[in-house]
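Note sheet for the following structure.
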Amino acid sequence: MPLNVGFGPRTKWNSFYQSGQRVAGLLGQDPRFECGFFGREPFSLEELTRFDVLVFIKHFPALD
């Protein structure tokens with residue numbers, strides 16, 4: 001049974017696309033993993049418990 005990895009919270013921030021979606025796409029190519037995404041705060045315990053592992057993507061503002 002594959003390990004279900006959740007990335008989030010889902011946002012429109014560039015850091016989410018670069019870290020969350022890119023890594024989930026690469027990890028999803030390995031049959032040992034299934035990847036999905038979870039929503040923003042307030043977090044839903046029901047939604048989060050669907051995953052075996054949670055990866056929280058931190059937003060970093062532009063350095064300029």
Side-chain angles (χ1 to χ4, degrees):
M1 177 183 244
L3 189 64
N4 197 358
V5 181
F7 291 86
R10 184 180 299 142
T11 68
K12 294 182 190 238
W13 296 329
N14 195 31
S15 57
F16 176 75
Y17 287 108
Q18 290 178 354
S19 301
Q21 289 191 330
R22 183 172 176 210
V23 173
L26 293 171
L27 195 61
Q29 294 174 12
D30 188 319
R32 297 173 295 174
F33 301 97
E34 287 184 3
C35 296
F37 302 97
F38 56 90
R40 292 186 65 128
E41 297 178 40
F43 294 110
S44 162
L45 186 57
E46 183 178 323
E47 181 180 28
L48 296 178
T49 56
R50 294 182 333 189
F51 301 105
D52 300 313
V53 176
L54 298 172
V55 178
F56 287 84
I57 307 300
K58 189 170 184 177
H59 168 66
F60 290 104
L63 297 176
D64 54 330

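We number each residue from 1, following the sequence as shown.
A pairwise comparison of heavy atoms in Cys35 and Gly28 identifies SG-N, 4.0 Å as the closest pair. The two atoms that bring Phe43 and Pro9 nearest to each other are CE2-CB, 4.0 Å, heavy atoms only.
Between Phe37 and Phe7, the angle of the ring planes lies from 30° to 60°, which puts this pair in the tilted group.
With sequence neighbours left out, Phe33 forms a ring pair (Phe, Tyr, Trp, His ring centres under 6.0 Å) with no residue at all.
Within the 4.5 Å cutoff, the side chain of Val5 has heavy atoms near those of the Leu27 side chain.
A side-chain donor-acceptor contact under 3.5 Å links Asp52 to the backbone of Asn4.
Sorted by first and then second residue, the salt bridge (charged side-chain N to carboxylate O under 4.0 Å, His left out) pairs involving residues 26-35 (not counting sequence neighbours) are Asp30-Arg32.
Under the 4.5 Å side-chain contact rule for hydrophobic residues, Val23 and Val53 share a cluster.
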